[in-house]
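Worth knowing before you read on, the calculation uses all heavy atoms, side chains too, and leaves out hydrogens, waters and symmetry mates.
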Amino acid sequence: MLGYLSVGVFIDGGYYAKVNRALKAAESSIIRVKSLFDFICGRLAYEEGVNPSDCQITEAHYFRGRYRVKEAYDKHLLYNERKFEDSLIENDVIFHYKHLREVEKNGEVQVIEKGVDVWFALEAYELATFRKFDYVVLLTGDADHEMLVRKLKALKIKTVLLTWNLTDVDATSPLLKEEAGHHWELSHIVRHDPALKQHLLYRLREPAVTPLGDEF
């Protein structure tokens with residue numbers, strides 16, 4: 001049993017956005033960042049047998065590709081991006097962005113998000129090395145982070161994979177789940193705890209006349 005738990009949280013913004021889009025479609029809700037962090041600390045404190053006040057998220061980081069300001073304005077995304085950033089700031093989350101690029105291929109426009117996953121992995125590993133977290137919590141489902149989890153375990157840092165699957169097809173890589181020491185699948189957890197689900201979600205108001213995008 002540890003007397004104090006230092007926790008580092010690393011959020012894959014692309015994965016987080018997919019979860020929120022699914023929640024918006026199914027529940028007209030999105031994840032409340034503060035409630036999610038409270039859940040993480042409460043569950044880790046319970047599992048380690050420490051007082052919840054002795055379990056602290058000492059650093060939280062969010063990684064995402066995003067459009068340049070003019071593109072975001074043209075796509076009516078600025079309001080939602082700024083609103084979401086406000087929630088990150090209020091919860092002391094450090095955000096890391098790289099610009100998205102759009103390329104046309106075979107008559108279709110494709111959005112290119114390059115280098116974010118590598119940045120995510122490098123930053124998580126480097127910070128875990130220097131900060132000596134007791135736990136690292138990864139919000140992602142990407143198979144590319146399998147090696148990150150393996151490296152964190154080599155540092156003897158307990159690693160939690162936190163996912164929320166809301167589709168018929170599991171979006172979490174099986175290899176990633178196998179590698180992680182702990183896997184918390186929120187769709188299973190809240191199924192048996194409706195009060196927790198209500199606590200985790202923020203109910204959205206009726207949509208505005210002007211579309212605001214889905215960048216929560």
Side-chain angles (χ1 to χ4, degrees), residues 1-62 64 80 83-95 133-142 149 158-174 176-177 180-208 212 214-216:
M1 182 181 74
L2 301 172
Y4 177 86
L5 296 180
S6 172
V7 183
V9 176
F10 296 86
I11 303 170
D12 177 342
Y15 178 82
Y16 191 90
K18 287 177 184 177
V19 172
N20 268 334
R21 280 197 294 270
L23 285 169
K24 286 169 72 176
E27 311 271 353
S28 296
S29 301
I30 57 171
I31 299 170
R32 193 189 301 269
V33 177
K34 183 181 185 308
S35 298
L36 182 65
F37 285 2
D38 287 345
F39 165 75
I40 290 170
C41 287
R43 178 147 180 161
L44 287 177
Y46 174 79
E47 292 188 356
E48 289 288 349
V50 303
N51 192 302
S53 63
D54 290 331
C55 180
Q56 298 290 327
I57 294 175
T58 51
E59 286 198 35
H61 295 260
Y62 174 90
R64 184 82 199 271
N80 270 6
K83 187 175 180 181
F84 179 62
E85 286 173 5
D86 284 348
S87 71
L88 295 181
I89 292 168
E90 288 165 3
N91 290 281
D92 299 318
V93 180
I94 301 166
F95 36 90
F133 300 123
D134 296 304
Y135 274 92
V136 167
V137 178
L138 304 175
L139 278 75
T140 185
D142 197 328
V149 174
K158 296 178 181 179
T159 305
V160 175
L161 176 65
L162 179 57
T163 60
W164 196 332
N165 184 46
L166 291 150
T167 63
D168 293 334
V169 179
D170 193 346
T172 307
S173 161
L176 184 61
K177 286 193 288 189
H182 304 266
H183 178 214
W184 299 347
E185 171 50 56
L186 278 169
S187 66
H188 297 159
I189 295 170
V190 300
R191 189 178 303 151
H192 303 289
D193 191 349
L196 173 62
K197 183 176 182 180
Q198 186 175 9
H199 178 66
L200 286 173
L201 298 182
Y202 170 77
R203 186 78 177 177
L204 295 172
R205 298 176 181 176
E206 291 298 318
L212 298 176
D214 56 5
E215 294 302 297
F216 280 104

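Atoms CD and CG, from Q198 and D193 in turn, are 10.5 Å apart once rounded to the nearest 0.5 Å. Expressed to the nearest 0.5 Å, how far CG of N91 lies from CZ of R32 amounts to 10.5 Å.
Residues passing the side-chain hydrogen bond (donor to acceptor under 3.5 Å, both in side chains) test with D92: none are found, sequence neighbours excluded. In terms of the side-chain hydrogen bond (donor to acceptor under 3.5 Å, both in side chains) criterion, S28 has no residue partners (sequence neighbours excluded). Checked against side-chain hydrogen bond (donor to acceptor under 3.5 Å, both in side chains), N51 has the following partners two or more places apart in sequence or in another chain: S53. Under the rule for a side-chain hydrogen bond (donor to acceptor under 3.5 Å, both in side chains), the partners of T58 that lie at least two apart in sequence or sit in another chain are S6. Scanning for side-chain contact (heavy atoms from CB on, under 4.5 Å) contacts around H182 gives E47, Y135, V160, W184, with sequence neighbours left out. A45 meets the side-chain contact (heavy atoms from CB on, under 4.5 Å) test with V50, P52, C55; sequence neighbours excluded.
Inter-residue side-chain proximity for Q56 and V7 is flagged as unmet; no heavy-atom pair is nearer than 4.5 Å. Contact check for L5 versus D54: no side-chain heavy atoms found under the 4.5 Å cut-off. Under the 4.5 Å side-chain criterion, counting only non-hydrogen atoms from C-beta, C41 is in contact with I57. For the pair L201/L23, a side-chain contact is recorded, criterion being any heavy-atom separation below 4.5 Å from C-beta on. Between L139 and F10, the closest side-chain pair of non-hydrogen atoms is not below 4.5 Å. Counting heavy atoms from C-beta on, the side chains of L138 and L162 never come closer than 4.5 Å. Using a 4.5 Å heavy-atom threshold, the side chains of V33 and Y202 count as separate.
Among all heavy-atom pairs drawn from G8 and F133, the shortest one is N-CD2, 3.6 Å. The two residues V190 and L200 make their nearest non-hydrogen contact at CG1-CD1, 4.1 Å. Closest approach of D134 and Y4 over heavy atoms only: OD2-O, 3.1 Å. Of all the heavy atoms in L161 and A180, the pair that sits closest is CB-CB, 3.8 Å. Taking every heavy atom of both residues into account, R64 and G13 meet most closely at CD-C, 3.2 Å.
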- Task: Using the side-chain contact (heavy atoms from CB on, under 4.5 Å) rule, take F39 and I189 through it: C-alpha gap first, then chi angles, then the decisive distance, then the call.
- Result: CA-CA 11 Å; F39 165 75; I189 295 170; 4.0 Å; yes
- Task: Report the C-alpha separation of V19 and L166 in whole Å, then their side-chain angles, then the decisive distance to 0.1 Å, and conclude whether the side-chain contact (heavy atoms from CB on, under 4.5 Å) test is met.
- Result: CA-CA 7 Å; V19 172; L166 291 150; 4.0 Å; yes
- Show the numbers, then the answer: is there a side-chain contact (heavy atoms from CB on, under 4.5 Å) between V9 and I11? CA-CA 7 Å; V9 176; I11 303 170; 4.0 Å; yes
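Checked for salt-bridge contact, E48 and R43 miss the test: no charged N lies under 4.0 Å from a carboxylate O. Of the charged side-chain nitrogens involved, at least one lies within less than 4.0 Å of a carboxylate oxygen, so that E27 and K197 count as a salt-bridged pair.
Checked by atom type and distance alone, the side chain of E185 pairs as donor or acceptor with a backbone atom of N165 at under 3.5 Å. Between the side chain of N20 and the backbone N or O of I31 there is at least one donor-acceptor pair closer than 3.5 Å. With hydrogens and angles disregarded, no donor-acceptor distance shorter than 3.5 Å links the side chain of S87 to the backbone of E85.
The one candidate from F84, Y15, F95 that meets the ring pair (Phe, Tyr, Trp, His ring centres under 6.0 Å) condition with Y62 is F84.
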